[in-house]
Amino acid sequence: MKQKDVICVVCPNSCAITVKQMPDGKLLMEGQGCKRGEQYASDEFLAPKRTLATTVRIKGAFIPLLPVRSSVPVPKERLNDILDLLARIEVQAPFKCGSVVVQNVLGLGADIIATRTLGVDTCAKVACELR
Amino acid sequence: MMQKETDVAVIGGGPAGLAAAIEANKGGCSVTIIERDDGLGGILQQCIHPGFGLHEFKEELAGPEYAQRYIDMLGETKVDVMLGTMVLDMTPKKEILAINEQGVVKVQAKAIVLAMGCRERTRGAIKIPGYRPTGVYTAGTAQRFVNIEGFMPGTRYVILGSGDIGMIMARRLTWEGAKVEAVVEIMSYPSGLIRNKVQCLDDFGIPLYLSHTVVRVHGKDRVTGITIARVDENWKMVPGTEIFFSCDTLLLSVGLIPENEVSRKAGIRLARTNGPEVNQFLQTNVEGVFACGNVLQVHDLVDNVAIEAKRAGAMAAMYATGIRLPSINSPDAVPLVAGRGIGYVLPIKVNTGVDLALASRIGPVNVSLRVKRPVDDVYVRVKNGAKEVYKKFFKHLRPSEMVIFELSAAALNAIDKAQPIEAYLEPKPAKELSEAKVA
């Protein structure tokens, strides 16, 4: 029988919930304080998800990195696959906050979106012109 | 020398400065933000993790996204922004001396909002013995390197301090391919949010050593390892409990200090929290100078910074347009003190006998406090002599979370000036608790 201890993060009560799966697939829970906690523990047991936030390389901006995140939470066990994919990506400035960097990443139903607006670095441009 | 006049000068263009400037501008004032970095947004720009703005925007935004919302709002105003400009001095007459690439700038303001934020405590502040090799960084510096500038400070890490920045960096570094050996916390409980312990440490199997601290940094040119040890209740090392970790980097996430050097120069009195002493109008002892955000108190959530900063901006605009706000120096200002179980409480003083028209315009008094240590099943009570001013029950209180509440104008009118107002914790009687369970 599969069993998992989950600390609920829905509210500051931080309930310690034990989830057990019966042979018929039904979940048995102990320690949950509310319905929302029950849902959280069930998700954590069956299919834990996380919002991924990281950076991708950007060219032509005044900094070398563009911060990005997944538009919705993605399966926890696929985070490393997404990180590997994003490590190989480079975008070009300008880039607007909220615009899509990777659509439907790895077919997981989440887009990778920029979380900062980065314009073309005018200082770099002026330096080029002077040269 | 370049000279400039403005109704309201806002020092700092982070979340507090942005919100204060927008609000002061709404109050009909010309506003100037003076920011030393090359862009607006402050610390939010390096906090690329989600979780910002849940209260204000009902969305979990990344730090830079939250900042962008305010930068966009600012773009629709006529607020003047001076970037790359560092304030060096400020006088009680609200004359600001700053420096940038063009030279020295003098800004004459009618009112000033202090929104400089805070900086990290360093190794010097916590006195770790050993050599001074390369590889000891504050967590926020490492965060800037990794998230903005594109450098990794090391490959194997020990993190001292379980504050939110430290735990979030543990996850971030792991995702960037580094190995985090341990997070070490001198207190017997994690000092950041439980959510961050679960999602930043437990998710990656990173051990958290509670009641432990770093007792030695090894290595001469570069960190080669860290020794930690258990501490007793007096924070003294327990001999024989040492654990050695081979690593090349130590990150320190050991607290923040409000950045008030410039405030001090203007004769602004600082409280025990290292932030300026303010009354309910967020006005310091220098009339027309207001404080908000992390320069006043280290906040838990940026949403709370924005609320406080908007208030400071509105107050500054009122002052700049000729409305005199009651002074913290007045005999009508009654001390609000931190009693049993309370770490600190703000405002430092509450002005009583405020003109009714003014009071109704300003609204209720916002009080914010933090508890000293984690407690369950307590009342937060505020008393003035024998009179009850406020009472509320809390199931859980943690030092990592601010408690914010309002005191009504009616409660303030009844304040006895001869006695201080005291905020304190009172355990809920066991009898009431068991009765509640039956019910």
Side-chain angles (χ1 to χ4, degrees), chain A residues 4-17 33-34 40-41 44 48-59 61-73 76-77 79-80 82-84 86-87 90 95-99 112-119 121-123, chain B residues 37-41 44-52 59-69 71-72 75 84 101 144-151 168 171-172 174-177 189-190 193-204 300 374 376 394-398 400-401 403:
Chain A
K4 193 174 175 181
D5 293 322
V6 175
I7 297 174
C8 183
V9 301
V10 171
C11 84
N13 282 358
S14 311
C15 294
I17 306 172
C34 69
Y40 174 81
E44 277 295 289
K49 287 186 169 186
R50 298 287 183 268
T51 298
L52 178 70
T54 182
T55 56
V56 297
R57 278 189 288 267
I58 186 164
K59 256 191 181 163
F62 82 106
I63 53 171
L65 297 175
L66 175 71
V68 298
R69 70 170 167 93
S70 59
S71 54
V72 290
K76 195 172 133 185
E77 80 272 6
L79 290 173
N80 281 331
I82 303 174
L83 285 164
D84 285 345
L86 295 179
E90 186 172 62
F95 222 93
K96 218 171 148 38
C97 182
S99 46
I112 300 297
I113 57 168
T115 58
R116 181 172 183 170
T117 297
L118 284 175
D121 182 10
T122 45
C123 293
Chain B
D37 204 350
D38 297 326
L40 294 167
L44 286 172
Q45 298 291 14
Q46 67 183 60
C47 297
I48 65 166
H49 53 277
F52 297 89
E59 278 182 76
E60 275 203 70
L61 303 172
E65 267 178 306
Y66 182 99
Q68 197 65 50
R69 301 250 168 138
I71 293 168
D72 290 346
E101 279 187 346
R144 187 175 172 106
F145 284 166
V146 176
N147 291 346
I148 294 184
E149 317 219 351
F151 301 108
I168 284 161
R171 172 176 66 185
R172 186 75 195 106
T174 307
W175 275 346
E176 286 297 330
Y189 52 87
L193 304 171
I194 289 292
R195 177 198 176 85
N196 284 329
K197 185 197 171 273
V198 171
Q199 299 198 341
C200 300
L201 305 187
D202 299 353
D203 266 10
F204 304 95
D300 52 353
D376 295 331
F394 289 87
K395 189 98 189 75
H396 304 279
L397 287 177
R398 303 280 173 266
S400 52
E401 289 164 39
V403 179

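Residue numbers start from 1 in every chain, and the chains themselves are labelled A, B, ... in the order their sequence lines are given, proteins ahead of strands. Everything quoted here is computed from the prediction, not taken from an experiment.
Pairing each heavy atom of A:T51 with each of B:P50, the nearest pair is CG2-CG, 3.7 Å. For the residue pair B:V146 and A:L65, the shortest heavy atom distance occurs at O-CD1, 3.2 Å. Among all heavy-atom pairs drawn from B:I194 and A:S14, the shortest one is CG1-OG, 3.4 Å.
The structure places CZ of B:R195 at 13.5 Å from CD1 of A:I7, a figure rounded to the nearest 0.5 Å. Atoms CD1 and CZ, on A:I63 and B:R144 in that order, are 8.5 Å from each other to the nearest 0.5 Å. Between atom CH2 of residue B:W175 and atom CG of residue A:N80 there is a gap of 9.0 Å, rounded to the nearest 0.5 Å. Here B:I71 contributes atom CD1 and A:T117 contributes atom OG1; the two are 8.0 Å apart, rounded to the nearest 0.5 Å.
Atom CD of A:E90 has more than 12 heavy atoms from other residues, nucleotides or ligands within 6.0 Å.
Ranking A:C8, A:P64, A:G98, A:A87 against chain B, the residue ahead of the rest is A:P64, based on heavy-atom pairs under 4.5 Å. Ranked by heavy-atom pairs under 4.5 Å with chain A, the first of B:E149, B:R172, B:H49, B:R398 is B:R172.
Of the two parts of A:I113, only the side chain, counted from C-beta on, holds a non-hydrogen atom closer than 4.5 Å to a non-hydrogen atom of chain B. A:L83 touches chain B through its side chain: at least one heavy atom from C-beta onward sits under 4.5 Å away, while N, CA, C and O do not. Interface residue B:Q68: only side-chain heavy atoms are found under 4.5 Å from chain A.
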* Give the C-alpha distance, both sets of side-chain angles, the deciding distance and a yes or no for side-chain contact (heavy atoms from CB on, under 4.5 Å) between A:T55 and B:I48. => CA-CA 8 Å; A:T55 56; B:I48 65 166; 3.8 Å; yes
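Proximity of A:R116 to B:Q45: side-chain heavy atoms (C-beta onward) are separated by under 4.5 Å at one or more points.
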